[in-house]
Amino acid sequence: MTDLTILWIFSPFLLGFLAYIFPHLSRSLSLLMAIASAAFAGSLFIRETPLTLQLLDQFGVQLLLDPLTAFFILTNALVTAAVVIYCWSGRKTAFFYTQLLMLHGSVNAAFACADFMSLYVALEVLSIAAFLLISYPRSDRSIWIGLRYLFVSNVAMLFYLVGTALVYQANHSFAFEGLQNAPLEAIALIFVGLLVKGGIFILGLWLPLTHSESESPVSALMSGVVVKAGVLPLVRCALLFEEVDPIVRLFGVSTALFGVFYAVLEKDTKRILAFHTISQIGFILAAPDVGGFYALSHGLVKAALFLIAGVLPSRNIKELQQQSMSTSVWIALAIASFSISGFPLLSGFGAKVLTMKNLLPWQVIGMNLAALGTAISFAKFIFLPHQQADSEQSPQQASFWVAMIVLLGGLVVANVAYYEAYTFENIAKPLLTIAGGWLAYLFIFQKLVVKLPRIFEQFEHLMGIMILSLVIIFGMTAV
């Protein structure tokens, strides 16, 4: 299993090299790698004990592969496969698929790492691949959005790297466990880096513009898997250290409420989805014990929603309310919206029930408000007009539907993972929350027009927020 794991980690980078040399194979190699990752994740689910690898002694790479890791790897595999299929009939070059494979490999590596230095390397490779995918259209706008993401990421990772050095100084090891004996400054510095990479709370304000202005397949990757590379290490730290768990849970509740507040008032479809990426990351952090299942459900549904947003006639909710979309597209949009709202028969239901059952008492009110806000936000999509389209499907539409089958089918299949959730009480509560959200939307928020300022999303303010957050987190860890 050790040799297979090492081969699995290095395969995306090798296949990326081959995809660039043999352009006609680029799509097939990308899809093959996604299938291989899904199979590897499946093997981790059935493995009786976690797989731990220690390479090159304490100076080297430490890997941890367990069911929690498997949820995240499976998310990466399914989202990558759906994006490859979605782009299959398009005009993406071999360079796009090469970077897609590099991104896939670096995300997998980040999920598997159990030491801070290896994680740093994986996150930096991830940032470069993400930057190249964001700026792929080569327009002035896309290049600036990509550079903005890269600058913010690099500054965050500088903080992270200093924190990693302090962990090593205290323990002569980069392992996650060393955080317990590290100085408080190390915890604060590492947390700032991971909070930025994960798009968490106010440190995630780089995310709405980046996700909304990227091409839809790239937005699906960024929201579905990339931000989770910064989330899983935080979940691991919460599970390892009792002192860290309340901090991570607090960030979870704060992030869930922060993201949903903006999403409820937003009128741009891709920005709604981007702010809900922030909010849903909060659900993962709010209950670290069950964060893997929620990460899978969110990755599938958010990738589907961003791909659907790419085929809508407009990004503006007001304009979409005045023109009908295809009924078939609306059905896909409704299924995804139902799942993220927590409707039964889809994995979002089980994920939300499982999360709510693993909350601490002080979290319950905040997370219920976040769930209500989610229902309000996605009522905007569910109540959009639609009609049967007359035109026949184009090849691009055919690939779109295959991608939807992968993602939405995954939501249905994953629903059986927590079949114990289907009790009367568990079913009634989400349905009442969804009904309350719909009523609030129809009678209040549908007509409400509030334009929130975007000043804090500006690059210079993102830097300031990062510094301020570092001071606040240091104060939290010192208490």
Side-chain angles (χ1 to χ4, degrees), residues 12-13 15-17 19-21 23 26-27 29-30 33 76 79-80 82-84 86-88 90-107 109-110 121-158 193 196-199 203-230 268-271 273-275 277-278 302-303 306-307 309-311 315 454 457-463 466:
F13 304 102
L15 293 180
F17 177 73
Y20 197 71
I21 296 178
S26 57
R27 296 177 302 181
L29 291 174
S30 300
M33 188 64 237
N76 190 21
V79 171
T80 300
V83 167
V84 172
Y86 179 87
C87 298
W88 196 274
R91 298 182 178 179
K92 302 297 185 189
T93 63
F95 179 80
F96 176 87
Y97 291 103
T98 297
Q99 298 311 316
L100 180 63
L101 282 164
M102 297 298 174
L103 184 73
H104 182 81
S106 57
V107 170
V121 174
L123 291 176
E124 287 288 49
V125 175
L126 179 157
S127 297
I128 295 170
F131 158 70
L132 292 172
L133 287 172
I134 293 168
S135 57
Y136 176 77
R138 299 298 185 270
S139 64
D140 291 344
R141 179 68 170 171
S142 67
I143 291 173
W144 162 240
I145 297 297
L147 286 172
R148 175 179 174 273
Y149 166 77
L150 192 62
F151 289 156
V152 171
S153 177
N154 284 347
V155 172
M157 294 315 294
L158 283 175
V196 172
K197 293 296 292 185
L203 286 166
L205 281 174
W206 61 267
L207 189 150
L209 184 63
T210 303
H211 288 204
S212 63
E213 295 299 326
S214 300
E215 292 185 310
S216 289
V218 178
S219 298
L221 288 167
M222 295 290 291
S223 182
V225 295
V226 170
V227 293
K228 293 178 178 65
D268 181 292
T269 56
K270 293 191 74 174
R271 283 181 63 85
L273 298 179
F275 276 115
T277 296
I278 297 176
K302 196 53 65 68
F306 269 114
L307 294 181
V311 301
R315 282 177 49 171
R454 300 184 182 181
E457 296 181 43
Q458 295 175 7
F459 178 72
E460 59 271 23
H461 294 298
L462 293 174
M463 297 295 104
M466 208 179 300

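Scope of the values below: all heavy atoms of this structure, side chains included, with no hydrogens, waters or symmetry mates.
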Quick one: are [X] and [Y] in side-chain contact, heavy atoms under 4.5 Å?
X: Met463; Y: Val152; result: yes
X: Met466; Y: Leu203; result: yes
X: Pro23; Y: Tyr97; result: no
X: Leu462; Y: Phe151; result: no
X: Met33; Y: Thr80; result: no

* Take Ile128 and Gln99 through the side-chain contact (heavy atoms from CB on, under 4.5 Å) test and state the conclusion after the steps. => CA-CA 9 Å; Ile128 295 170; Gln99 298 311 316; 5.7 Å; no
Quick one: [atom1] on [X] to [atom2] on [Y], what's the gap to the nearest 0.5 Å?
X: Leu126; Y: Phe131; atom1: CG; atom2: CZ; answer: 14.0 Å
X: Leu147; Y: Ser142; atom1: CG; atom2: OG; answer: 9.5 Å
X: Thr98; Y: Leu29; atom1: OG1; atom2: CG; answer: 9.0 Å
X: Ser223; Y: Phe306; atom1: OG; atom2: CZ; answer: 4.5 Å
X: Ile134; Y: Ile145; atom1: CD1; atom2: CD1; answer: 8.5 Å
X: Leu101; Y: Tyr20; atom1: CG; atom2: OH; answer: 14.0 Å

* **side-chain contact (heavy atoms from CB on, under 4.5 Å) assessment of Tyr149 paired with Ser127** => CA-CA 8 Å; Tyr149 166 77; Ser127 297; 4.1 Å; yes
* Around atom CZ of Phe13, are there more than 12 heavy atoms of other residues, nucleotides or ligands at under 6.0 Å? ->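 Yes.
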* More than 12 foreign heavy atoms under 6.0 Å from CZ of Phe17: is that the case here? -> no
Ignoring hydrogens and geometry, is there a side-chain-to-backbone donor-acceptor pair from [X] to [Y] under 3.5 Å?
X: Thr269; Y: Arg315; value: yes
X: Ser106; Y: Leu103; value: yes
X: Ser219; Y: Ser212; value: no
X: Arg148; Y: Gly146; value: no

Considering all heavy atoms, the nearest [X]-[Y] contact:
X: Ala274; Y: Leu207; result: O-CD2, 3.1 Å
X: Val79; Y: Ala220; result: CG1-O, 3.9 Å
X: Leu123; Y: Met157; result: CD1-CE, 3.7 Å
X: Leu307; Y: Ser216; result: CD2-O, 4.0 Å
X: Ala309; Y: Leu273; result: CB-CD1, 4.2 Å

* To do: Test side-chain contact (heavy atoms from CB on, under 4.5 Å) on Lys197 and Ser153 and set out the steps.
  => CA-CA 7 Å; Lys197 293 296 292 185; Ser153 177; 2.9 Å; yes
* Salt-bridge present (Glu215, Lys92; N to O < 4.0 Å) ->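 A salt bridge is present here (some side-chain N lies under 4.0 Å from a carboxylate O).
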* Asked: Given the rule in the side-chain contact (heavy atoms from CB on, under 4.5 Å) test, do Leu100 and Tyr136 qualify, once you have shown the distances and angles that lead to the verdict?
  -> CA-CA 11 Å; Leu100 180 63; Tyr136 176 77; over 6 Å; no
* Do the ring planes of His211 and Trp206 sit parallel (below 30°), tilted (30 to 60°) or perpendicular (above 60°)? -> perpendicular
